[in-house]
2 protein chains.
Amino acid sequence: MVQRGRRTAKVSGDERQDAILVTAEALLGERAFDDISIEDLARGAGISRPTFYFYFSSKDEVLLALLDRVITEVEHRVGELPRDFETDPAGAWTRSIGMFVEVFVNHRGVATAAIAARARNDEVRALWSRSMQSWADFSTDIIRSEQARGAAPGGIDAHDLAVSLNLMNERVITAVLNQESPAIVESRALDVLSTIWIRSIYGSVNPGRP
Amino acid sequence: MVQRGRRTAKVSGDERQDAILVTAEALLGERAFDDISIEDLARGAGISRPTFYFYFSSKDEVLLALLDRVITEVEHRVGELPRDFETDPAGAWTRSIGMFVEVFVNHRGVATAAIAARARNDEVRALWSRSMQSWADFSTDIIRSEQARGAAPGGIDAHDLAVSLNLMNERVITAVLNQESPAIVESRALDVLSTIWIRSIYGSVNPGRP
DNA sequence: GACAGAGTCAACACGGTGTCGAGAACCCGG
DNA sequence: CCGGGTTCTCGACACCGTGTTGACTCTGTC
């Protein structure tokens with residue numbers, strides 16, 4: 001809201017804070033979070049290490065900020081997803097899962113770093129949880145209504161099923177991104193995941209056409 | 001093979017090495033791997049920190065040794081699993097998955113530490129991979145033969161399916177053990193996982209009785 | 001032109017890892 | 001029982017990354 005006169009010899013605080021985030025995301029593209037030191041981030045942003053602490057209280061705080069952007073994007077996109085499950089269940093699920101895969105791929109470095117940091121940092125864990133939860137709730141609602149209208153069989157709690165399938169997605173996608181073995185080929189991932197979702201939700205191979 | 005005459009004033013090297021492992025597994029039961037220092041392990045085994053390095057070259061090496069025992073147990077138990085899939089597919093899968101769950105639960109600390117360390121340590125990653133792979137191969141073989149005898153539908157690659165389901169198990173079980181949220185209730189975990197496996201392998205709710 | 005606040009960094013303290021080299025304890029053949 | 005190799009032990013040190021402190025410099029304001 002302020003400034004803009006180009007006579008600010010020193011770059012402003014906001015720009016520096018941003019430079020740190022940009023540096024972090026860039027470095028995460030080439031190596032693991034643990035292999036990036038605060039010194040690296042400071043140098044990348046053109047400041048000294050102590051100055052880094054003026055902007056963030058720790059390296060994890062930087063990751064948290066990065067993750068927060070991603071989470072916001074996911075939540076936004078979950079909200080505007082079409083809910084055409086009654087007419088084309090298979091396609092609708094595939095599009096939903098595809099969105100999830102897309103976000104992971106677009107923010108590969110942040111996603112994998114966050115997943116690793118989750119084990120050690122409470123705030124990262126809480127933030128990630130929140131996102132997983134919102135996605136799981138979204139899936140639970142739909143599964144529940146599919147069961148209610150008789151399109152999907154009962155015999156399993158909708159929430160348990162939704163949580164398990166979402167955790168599967170998280171794990172399978174990170175395995176693909178990290179090129180682990182065993183993993184599956186990236187190009188087939190979306191297809192494989194959708195198939196598992198559909199079969200286990202509908203208890204049949206072709207919901208709608210039995 | 002040697003000794004046993006109780007006149008060995010100093011405890012032997014093997015006993016010390018073992019004391020370190022015992023200490024490590026005990027400490028892993030109460031706090032995270034990162035929160036255990038080499039000093040802690042040494043003190044627990046009654047030696048000084050530098051002496052620790054005589055037995056293990058790093059903390060990760062200790063985890064690796066611990067993990068190796070667990071892996072060996074899994075491989076052994078995979079081998080002696082009954083393969084009565086033709087007569088009782090649902091029960092056979094449930095028993096197999098149950099074994100997996102059991103090992104995770106019995107070695108909770110080691111399993112979760114190993115999963116976290118995997119991101120950073122090549123040897124841990126390789127060892128874990130090997131185990132997942134053997135379990136995935138086992139599942140792939142069975143799925144493939146179920147597809148061949150017409151009990152399970154095609155439309156999905158047996159290996160892709162096996163890998164995804166195994167990764168799901170890994171993730172769901174760790175979520176349960178770590179009491180993450182979202183997660184599912186421990187008592188229902190085996191039931192939920194089996195249901196997903198069966199529905200996605202057989203494309204039906206009750207394989208054998210359509 | 002002096003005051004406030006934002007921003008900057010050299011220097012320090014600390015905690016954990018890993019190494020080195022000097023020795024103690026133990027074990028064996030002579 | 002004794003001398004020499006092997007096994008084992010640890011004090012002291014070097015190193016690296018984190019986080020803190022306190023003094024200093026801007027820059028904009030009344």
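No hydrogens, no waters, no symmetry mates; every other heavy atom, side chains included, goes into these values. Computed from a predicted model, the values in this text were never measured in an experiment.
Residues that satisfy the salt bridge (charged side-chain N to carboxylate O under 4.0 Å, His left out) test with B:E123, not counting sequence neighbours, are absent from this structure. In this structure B:R171 satisfies the salt bridge (charged side-chain N to carboxylate O under 4.0 Å, His left out) test together with A:E170, B:E180, sequence neighbours excluded. Looking at residues two or more places apart in sequence or on another chain, you find a salt bridge (charged side-chain N to carboxylate O under 4.0 Å, His left out) between B:E73 and B:R77. Legend: residues meeting side chain to side chain donor-acceptor pair (under 3.5 Å) with B:E39, ordered by chain and number and at least two apart, are absent. When the side chain to side chain donor-acceptor pair (under 3.5 Å) test is applied to A:D84, the partners found at least two apart in sequence or on another chain are A:R95. Residues forming a side chain to side chain donor-acceptor pair (under 3.5 Å) with A:R83 (at least two apart in sequence, or on another chain): none.
What separates CG of B:D34 from P of C:dG15 is a distance of 18 Å, to the nearest Å. Spacing between atom CG of B:D60 and atom C1' of C:dG16 amounts to 14 Å, rounded to whole angstrom units. Rounded to whole angstrom, the span from the CZ atom of B:F54 across to the C1' atom of C:dC26 amounts to 13 Å. Between the C1' atom of C:dC26 and the CZ atom of B:R16 lies a distance of 14 Å, rounded to the nearest Å. Nucleotide C:dC9 holds its P atom 13 Å from the CZ atom of A:R43, rounded to whole Å. When rounded to the nearest whole Å, the span between CD of B:Q17 and C1' of D:dT9 equals 16 Å. Rounded to whole Å, the distance from CZ on B:F33 to C1' on C:dT17 is 13 Å.
Applying the ring-ring contact (aromatic ring centres under 6.0 Å, His included) test to residues at least two apart or on different chains, none of the pairs has a partner in residues 158-182 of chain B. Contacts classified as ring-ring contact (aromatic ring centres under 6.0 Å, His included) and involving residues 162-181 of chain B (residues at least two apart or in different chains) are not found.
If you take CD1 on A:I184 and CG on A:D191, they are separated by 9.5 Å, rounding to the nearest 0.5 Å. In this structure, CD1 on B:I196 lies 4.5 Å from CG on A:L165, to the nearest 0.5 angstrom.
Helical stems in DNA chain C, defined as runs of 3 or more consecutive Watson-Crick or G-U wobble pairs with donor-acceptor distances under 3.5 Å: C:1-26 with D:5-30, C:28-30 with D:1-3.
For DNA chain C, none of the residues of residues 20-32 of chain B falls under the heavy-atom distance limit of 4.0 Å. Within a heavy-atom distance below 4.0 Å of DNA chain C, no residue of residues 118-127 of chain A is found.
Under the 4.5 Å side-chain criterion, counting only non-hydrogen atoms from C-beta, B:L41 is not in contact with B:F56.
Within 6.0 Å of CD on B:E30 lie more than 12 heavy atoms contributed by other residues, nucleotides or ligands.
Neither OP1 nor OP2 of D:dC8 sits under 4.0 Å from any side-chain N or O of B:T51.
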Expected string for nucleotides 11-21 of chain D under the B/S/- scheme (protein heavy atoms, under 4.0 Å, primed atoms plus P, OP1, OP2 as sugar-phosphate) is BB-----BBB-
Quick one, B:N166 with B:W197, criterion side-chain contact (heavy atoms from CB on, under 4.5 Å). Give me CA distance, side-chain angles, the key distance, then yes/no.
CA-CA 9 Å; B:N166 275 287; B:W197 277 64; 3.7 Å; yes
